[in-house]
Amino acid sequence: TRFLENLAPSLGAMLHDRVQRTPHLEAYRHLVGDDWVSVTWQRAGSDVAEIAAGLLALGLQAEDRVAIIANTRYEWIVADLGVMCAGGATTTVYPTTSADDAAYILRDAGCRFAIVEEAGQLAKVLAHRDDLPELEFLILIDGTADGVTAFADLRAAGRDHLVAHPAAVTEATAAIGPDALATLIYTSGTTGRPKGVRLSHRSWVYEGEALKALGFLFDDDVNFLWLPMSHSFGKVILSTQLDVGITTAIDGRVERIIDNLTIVQPTFMGAA
C-alpha cells in the first residue's frame with residue numbers, strides 16, 4: 001500500500017511525469033495506411049498538448065464534458081488525454097451506439113464538445129442536433145464538413161494558443177485535483193437508458209499505480225491495444241501505461257487481431 005502515499009493528482013500529471021522521465025522511449029505505435037508509425041513520449045506529449053490547448057482556445061472550462069465517438073485508434077487516446085490535461089471530462093460513446101442513444105448520452109452528460117471519427121458518426125449527432133442545446137462544438141477526426149472543426153484545425157489552433165499562452169496547458173493540468181471528474185462512462189443498465197458512471201482522476205491514477213505495484217510490467221513491455229476505449233478496461237490499461245512506461249501498439253479492428261499479433265509481437269494484451 002506504500003504507493004497510496006504518493007499518488008499523482010491527475011492523469012495529466014502522470015502524463016507530464018512520464019514525458020519528463022522517458023521522453024525518447026517509444027510510447028505508441030499506430031497505423032498510417034498500412035504502415036506502423038512509432039511515436040515517442042515526447043511527441044505524444046506534444047500531440048496531447050496541442051489538443052488540450054485547442055480545446056482551451058475554444059473556451060473549455062473545468063469539468064466540461066467532451067464526448068468521443070470513435071473506434072480505438074491513436075487519435076482517441078491523445079484526444080482523451082488532451083481533454084483531461086485541459087481539465088475537461090471525457091464522455092465515452094461506443095462507435096456502434098445508435099443515433100438515438102448517442103444523442104441521449106450527449107444530452108444527459110451535458111456535452112459542450114463532441115469529437116467524432118468520420119462522416120457516419122457525425123451524421124448520428126447531426127440527426128439530433130436540435131435536441132442538443134448544450135452542444136457547441138463538433139470536431140471531426142477524418143475529413144471535413146461545414147460548420148464542423150477539423151481535428152487538424154483544432155491542433156493548429158492549439159499550437160497558436162500555446163505560442164500566445166505557453167503555460168496554458170500546464171496551468172490547466174496543475175489546477176486539476178484528485179476528485180475532479182475525469183470521465184463519464186455510459187454503461188447499459190439492466191433496464192432503460194444507459195447510465196453514466198462518474199470517475200475521478202484519483203480512480204484512474206489508483207488503477208495504474210495498483211497494477212504497477214504488482215510488478216509484472218516494465219517499460220520494455222509492448223502492449224497490443226484493441227479494446228474499445230469507451231469501456232473502463234481500456235482506460236485502466238492507459239493509466240498503467242502512463243505509470244509504467246510500456247509501449248502500446250493500437251488497432252481497434254477486431255478482425256485484424258491475429259494478423260497484428262504476428263507483426264507487433266506484444267508481451268502483453270488485455271482482453272475481455
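The neighbour count for Arg198 CZ, taken as heavy atoms of other residues, nucleotides or ligands under 6.0 Å away, does not exceed 12. Residue-environment remark: CZ (Arg43) stays at or below the threshold of 12 foreign heavy atoms within 6.0 Å.
Here the OG-CD1 distance, from Ser230 to Ile69, works out to 9.5 Å after rounding to the nearest 0.5 Å. From Ile237, atom CD1 reaches atom CG of Leu242 across 12.5 Å, with rounding to the nearest 0.5 Å. The CD1 atom of Ile250 lies 12.0 Å from the CG atom of Leu227; values are rounded to the nearest 0.5 Å. Interatomic distance, CD1 of Ile115 versus CD of Gln121, reported as 13.0 Å (0.5 Å rounding). A distance of 9.5 Å separates NE2 in His161 from CG in Leu58, rounded to the nearest 0.5 Å. Between atom CG of residue Leu11 and atom CZ of residue Arg18 there is a gap of 13.0 Å, rounded to the nearest 0.5 Å.
Between the side chain of Asp259 and the backbone N or O of Arg256 there is no donor-acceptor pair closer than 3.5 Å. Judged purely by atom type and a 3.5 angstrom limit, His231 uses its side chain to pair as donor or acceptor with the backbone of Phe233. Side-chain atoms of Ser46 do not come within 3.5 Å of backbone N or O of Gln42 as any donor-acceptor pair. With hydrogens and angles ignored, the 3.5 Å screen pairs no side-chain donor or acceptor of Glu118 with any backbone N or O of Val116. Under the 3.5 Å distance criterion, the side-chain polar atoms of Thr22 are left unmatched by any main-chain donor or acceptor of Leu25. The backbone N or O of Ser98 lies less than 3.5 Å from no partner atom in the side chain of Asp101, so there is not a single donor-acceptor pair. Not a single donor-acceptor pair under 3.5 Å links the side chain of Thr149 to the backbone N or O of Leu154.
When the side chains of ILVMFWY residues are joined at heavy-atom separations under 4.5 Å, either directly or via intervening members, Ile51 and Val19 end up in a single hydrophobic cluster. Tracing side-chain contacts under 4.5 Å through hydrophobic residues (I, L, V, M, F, W, Y), one reaches Val244 starting from Val236; they form part of the same cluster. Hydrophobic clustering, with ILVMFWY side chains joined whenever heavy atoms are under 4.5 angstrom apart, keeps Ile77 apart from Tyr94. Linking ILVMFWY side-chain heavy atoms closer than 4.5 Å, directly or via other members, places Leu181 and Val197 in two distinct hydrophobic clusters. The hydrophobic cluster containing Val66 does not contain Val93, counting ILVMFWY residues as joined when their side-chain heavy atoms lie under 4.5 angstrom apart, directly or transitively.
Within the 4.5 Å cutoff, the side chain of Val48 has heavy atoms near those of the Val78 side chain. Under the 4.5 Å side-chain criterion, counting only non-hydrogen atoms from C-beta, Thr248 is not in contact with Leu238. At a threshold of 4.5 Å between non-hydrogen side-chain atoms, the residues Phe218 and Ile246 do not count as touching. Between Leu7 and Pro178, every side-chain heavy-atom pair lies at or beyond the 4.5 Å cut-off. Between Met229 and Ile68 there is no side-chain heavy-atom pair separated by less than 4.5 Å. Contact of the Leu55 side chain with the Phe137 side chain is not registered, since no non-hydrogen atoms from C-beta on lie closer than 4.5 Å. Between Phe268 and Phe216, the closest side-chain pair of non-hydrogen atoms falls below 4.5 Å. Taking 4.5 Å as the limit, some side-chain heavy atom of Trp204 sits within range of a side-chain heavy atom of Ser232.
Side-chain contact check for Asn71 and Glu117: at least one donor-acceptor pair (N or O, by modelled atom type) lies under 3.5 Å. Under the 3.5 Å distance criterion, with hydrogens and angles disregarded, no donor-acceptor pair is assigned to the side chains of Thr72 and Trp226. With no hydrogens or angles considered, a side-chain donor-acceptor pair links Ser38 and Glu26 at under 3.5 Å.
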| task | For salt bridge (charged side-chain N to carboxylate O under 4.0 Å, His left out), just list the numbers for Arg112 and Glu136, CA-CA rounded to whole Å, side-chain angles, deciding distance to a tenth of an Å, and then say yes or no. | result | CA-CA 5 Å; Arg112 283 187 66 205; Glu136 294 177 50; 2.7 Å; yes
Discussion item. Test side-chain contact (heavy atoms from CB on, under 4.5 Å) on Leu122 and Val148; report intermediate values, then the result.
Written reply: CA-CA 9 Å; Leu122 178 63; Val148 176; 4.0 Å; yes
**Item:** side-chain contact (heavy atoms from CB on, under 4.5 Å) between Tyr28 and Thr247, intermediate numbers included
**Value:** CA-CA 6 Å; Tyr28 298 101; Thr247 298; over 6 Å; no
Margin query: For Arg29 and Val222: C-alpha separation, side-chain torsions, deciding distance, then whether side-chain contact (heavy atoms from CB on, under 4.5 Å) applies.
Written below: CA-CA 10 Å; Arg29 238 175 264 170; Val222 177; 4.0 Å; yes
Practice prompt. Check step by step if salt bridge (charged side-chain N to carboxylate O under 4.0 Å, His left out) holds for Asp47 and Arg155.
Written response: CA-CA 8 Å; Asp47 290 347; Arg155 291 184 53 169; 2.7 Å; yes
* Test log, rule side-chain contact (heavy atoms from CB on, under 4.5 Å), inputs Cys111 and Glu134 -> CA-CA 6 Å; Cys111 292; Glu134 291 181 78; over 6 Å; no
Evaluate the criterion side-chain hydrogen bond (donor to acceptor under 3.5 Å, both in side chains) for residue pair Asp100 and His128; output intermediate values, then yes/no. CA-CA 8 Å; Asp100 284 352; His128 293 270; 2.9 Å; yes
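Between His30 and Tyr74, the ring-plane angle classifies as parallel under the 30° and 60° cut-offs.
Of all non-hydrogen atoms in Ala53 and Leu162, the two that sit nearest each other are CB-CG, 3.6 Å. Residues Ala27 and Ala44 come closest through the heavy atom pair CB-CB, 4.4 Å. Of all heavy-atom pairs spanning Leu132 and Ala103, the tightest one is CD2-O, 3.4 Å. Here the closest heavy-atom approach between residue Thr173 and residue Ser10 is recorded as CG2-OG, 4.1 Å. Minimum heavy-atom separation, Leu31 to Arg253: CD1-NH2, 3.4 Å. When every heavy atom of Asp243 is checked against every heavy atom of Arg21, the shortest pair comes out as O-NH2, 3.8 Å.
Ion pair Lys235/Asp80 flagged as a salt bridge, since at least one NZ, NE, NH1 or NH2 atom sits closer than 4.0 Å to an Asp/Glu carboxylate oxygen.
Checked options Asp108, Thr97, Thr92; the residue passing with Tyr186 is Asp108 (criterion: side chain to side chain donor-acceptor pair (under 3.5 Å)).
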